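Because the structure is predicted, anything quoted here is derived from the model rather than measured. Sequential numbering from 1 along the given sequence is applied to the chain's residues. Scope of the values below: all heavy atoms of this structure, side chains included, with no hydrogens, waters or symmetry mates.
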Amino acid sequence: MLDFISKKFTDVLVERGLLNQNQLATAIKTADSRKEPLEKVLVDQRLAPKDDIMWARAEELGKIYVDLSNRKIDPEMAKLIPENAARRYHLICLGKVENKITLAMADPTDILALDEVRVRTGLIPEAVLSFIDDIDRALENCYSEGDSKWQSIVGETGESMDLVKQEELPDEVMVDAPIVRLADLIVTQAISQKASDIHIEPFEKQLIVRYRTDGLLREVMSPPKALQSALISRFKIMANLNIAEKRIPQDGRIQVNVKNDRYDLRVSALPCLWGESIVMRILDRKSVMVDLDALGFHAELLEKWKQLITLPNGVILVTGPTGSGKSTTLYATLNTINRPDTKIVTIEDPVEYNIQGINQVQVHPKVGLTFAAGLRSFLRQDPDVMMVGEIRDHETALIAVQSALTGHLVLSTLHTNDSVSAVTRLIDMGVEPFLLASSVQGVMAQRLVRKVCSVCKRSVKAVRAVAAKFEEHGIAASSLRLVRGEGCDVCAGSGYKGRAGIHELMVISDDIRRMVLERVSTADLKQLALKEGLRTLYYDGLVKVAAGVTTLEEVLRVAAE
């Protein structure tokens with residue numbers, strides 16, 4: 001582990017007002033647990049601007065900071081340093097003058113790295129500071145051969161083989177070394193591009209590989225149809241699935257190590273018209289080991305949420321469609337309340353991430369271990385906090401409510417369009433209104449919007465028609481400037497990089513409890529919540545547009561006006 005946590009560095013951050021002592025303490029703890037540089041954690045959690053953090057770090061080291069995010073690097077110059085050394089030490093060569101080379105390094109004080117470069121190249125290294133993720137991205141661009149790499153692998157497989165004859169071969173024979181390398185390339189490339197899912201989809205005349213990045217799918221390659229059976233068999237073997245069974249859906253799991261980080265892949269094989277479709281969800285444990293402060297909550301909403309999760313009992317729900325970040329919010333919440341004096345048990349389908357200090361149970365319907373069965377057993381485990389992956393039926397909902405009424409804090413998710421609809425949904429499941437009114441403490445709805453790329457974003461003054469939308473919701477628009485990404489190499493031309501949450505939190509007040517007991521309509525319930533200060537998803541989205549986080553088009557894509 002590179003020791004990037006320096007007292008002098010932290011003093012600079014606090015003195016300049018980049019973050020407060022509480023944020024700093026949390027970031028240091030996270031950096032230590034992840035074994036990552038402190039500046040990377042601060043940037044990942046968006047606690048301060050990257051350039052400010054890196055210049056503060058450079059000031060401590062007495063080095064120059066060089067931003068690589070929008071800098072073109074000559075691949076031939078980069079390759080003066082052997083790839084394995086460059087990746088191991090997180091460094092890249094920027095230029096050479098006579099017998100000296102300039103190195104952008106994540107840790108410019110690493111004597112071992114500098115000595116190895118001197119020995120390997122016979123040149124004198126001079127180090128500057130750069131952000132570790134920018135260095136790794138530049139290394140990927142310089143050393144990776146992109147599409148030509150998988151195409152050369154395909155060439156080794158003998159793609160001219162007759163399709164019918166190939167499909168007659170046993171799957172074990174077909175999965176040869178080039179296919180193994182192609183499968184590995186698909187996974188490692190997806191991880192390096194920070195994709196959340198890999199889709200391998202068979203069609204009549206082609207096989208398509210797509211990645212879901214920042215919530216949207218894009219096609220990345222189309223290997224020959226002749227390789228379909230072998231490639232799918234390779235992934236099924238990796239996931240311990242039955243490669244001979246192609247008529248029913250199967251689920252499995254793969255563990256891979258990429259650049260010394262472990263990733264879990266949740267694999268689903270689904271029989272389709274032209275073969276089996278494979279979808280792999282990439283689960284990165286670091287992505288959920290975040291602080292609540294880093295999830296993009298409005299300060300007032302975050303304070304209310306922290307008050308809710310410290311209550312001794314009650315039901316707290318997070319709602320939204322699949323892929324809206326519900327699990328990340330719940331895991332971040334569990335991390336916040338996970339203490340030695342608190343017993344936490346969860347039941348999930350599946351257990352996506354393992355968290356130290358929390359008892360996690362995997363649903364197993366075939367042997368009778370359902371959400372409801374697990375919840376019943378939890379009550380005999382003497383827990384303080386229970387987390388249910390999802391409330392899907394009457395029995396689970398009823399036991400969750402009864403658990404809250406007997407002195408437990410219950411966290412769970414629900415599929416509804418907004419926070420107010422959660423009450424109606426639970427009543428539709430058969431939970432009596434008087435039980436809901438007594439147990440539910442709060443409901444938060446959320447969505448994910450793509451963030452404008454920080455490298456290529458530009459600002460423009462909002463036209464009158466657009467400004468009017470903000471003024472209607474009480475957001476000052478007289479000098480409103482909107483941001484938009486022009487498209488660059490960092491964001492793959494999309495203008496967006498990364499995602500942020502928009503949220504809507506309804507705290508159950510006494511007046512709302514009375515209306516629940518009276519079985520009023522969802523519309524009337526929402527009117528009361530709005531009077532009590534409910535910030536809708538759309539409103540929170542507009543606030544983030546005005547703050548330059550995302551665009552109005554993104555907000556309208558995920559949240560109705």
**Q** Side chains of V423 and I427: does their closest heavy-atom pair fall under 4.5 Å?
**A** yes
**Q** Sorted by first residue and then second, give each salt bridge (charged side-chain N to carboxylate O under 4.0 Å, His left out) pair with at least one member in residues 306-316; sequence neighbours left out.
**A** D293-K306
**Q** Applying salt bridge (charged side-chain N to carboxylate O under 4.0 Å, His left out), can you list everything that pairs with E390, at least two apart in sequence or on another chain?
**A** R392
**Q** Determine, for E219 against R210, whether the closest basic-nitrogen to carboxylate-oxygen distance falls under 4.0 angstrom.
**A** no
**Q** According to the salt bridge (charged side-chain N to carboxylate O under 4.0 Å, His left out) rule, which pairs have a member within residues 316-341, sequence neighbours left out?
**A** R339-D341
**Q** Kindly state each residue pair satisfying salt bridge (charged side-chain N to carboxylate O under 4.0 Å, His left out) with at least one member in residues 492-508, sequence neighbours excluded.
**A** none
**Q** With sequence neighbours left out, what residues match K29 under salt bridge (charged side-chain N to carboxylate O under 4.0 Å, His left out)?
**A** none
**Q** Determine whether more than 12 heavy atoms belonging to other residues, nucleotides or ligands lie under 6.0 Å from atom NZ of K461.
**A** yes
**Q** Salt bridge check, R484 against E553: does any charged N sit closer than 4.0 Å to a carboxylate O?
**A** yes
**Q** Does a sphere of radius 6.0 Å around CG in D52 hold more than 12 heavy atoms from other residues, nucleotides or ligands, not counting ones at 6.0 Å or beyond?
**A** yes
**Q** Between CD1 of I316 and OG of S439, what distance do you get to the nearest 0.5 Å?
**A** 11.0 Å
**Q** Assess the pair H473 and Y538: is the distance between their ring centroids shorter than 6.0 Å?
**A** yes
**Q** When you measure from the side chain of D540 to the backbone N and O of T536, does any donor-acceptor pair fall under 3.5 Å?
**A** no
**Q** Looking at T550 and V483, what are the two nearest heavy atoms and their distance?
**A** O-CG2, 4.0 Å
**Q** Which heavy atom of F371 sits nearest to which heavy atom of V388, and what is that distance?
**A** CD2-CG1, 3.7 Å
**Q** Applying side-chain hydrogen bond (donor to acceptor under 3.5 Å, both in side chains) as the test, list every pair that has at least one member in residues 367-384; sequence neighbours left out.
**A** R376-E395
**Q** Please name all residues satisfying side-chain contact (heavy atoms from CB on, under 4.5 Å) with V549, sequence neighbours left out, ordered by chain then number.
**A** K451, A500, K544, A547
**Q** Exactly one of L375, L379, V315 should register a side chain to side chain contact (heavy atoms under 4.5 Å, CB included) with H408. Which one does?
**A** L379
**Q** Please collect all salt bridge (charged side-chain N to carboxylate O under 4.0 Å, His left out) contacts where either partner lies in residues 417-429, sequence neighbours excluded, each pair once.
**A** D418-K526
**Q** For residues P271 and P249, determine if any side-chain heavy atom of one lies less than 4.5 Å from a side-chain heavy atom of the other.
**A** yes
**Q** Who passes side-chain contact (heavy atoms from CB on, under 4.5 Å) against V431, sequence neighbours left out?
**A** A397, V401, L435, L436
**Q** Quick one: which of I502, V545, V449 gives a side chain to side chain contact (heavy atoms under 4.5 Å, CB included) with E554?
**A** V449
**Q** With H503, which residues qualify under ring-ring contact (aromatic ring centres under 6.0 Å, His included), at least two apart?
**A** F297
**Q** For T346, which residues count as a side-chain hydrogen bond (donor to acceptor under 3.5 Å, both in side chains) partner, sequence neighbours excluded?
**A** E348
**Q** Taking all non-hydrogen atoms of both residues into account, name the closest pair between M506 and S419 and its distance.
**A** CB-OG, 3.7 Å
**Q** According to side-chain contact (heavy atoms from CB on, under 4.5 Å), who are the partners of R281, at least two apart in sequence or on a separate chain?
**A** D197, R266, L283
**Q** If you take all heavy atoms of I191 and Y263, which pair is closest and at what distance?
**A** CG2-CZ, 3.5 Å
**Q** Using 4.0 Å as the upper bound for N to carboxylate O, is an ion pair formed by E472 and K469?
**A** no
**Q** Grab the two heavy atoms, one from A373 and one from G368, that are nearest each other, plus how far apart they are.
**A** CB-O, 3.4 Å
**Q** Measure across I508 and G442 and return the closest heavy-atom pair with its distance rounded to 0.1 Å.
**A** CG1-N, 3.9 Å
**Q** Tell me yes or no: between the side chains of S421 and T522, is some donor less than 3.5 Å from an acceptor?
**A** no
**Q** Check whether any side-chain N or O of T26 sits under 3.5 Å from a backbone N or O of N22 as a donor-acceptor pair, and report yes or no.
**A** yes
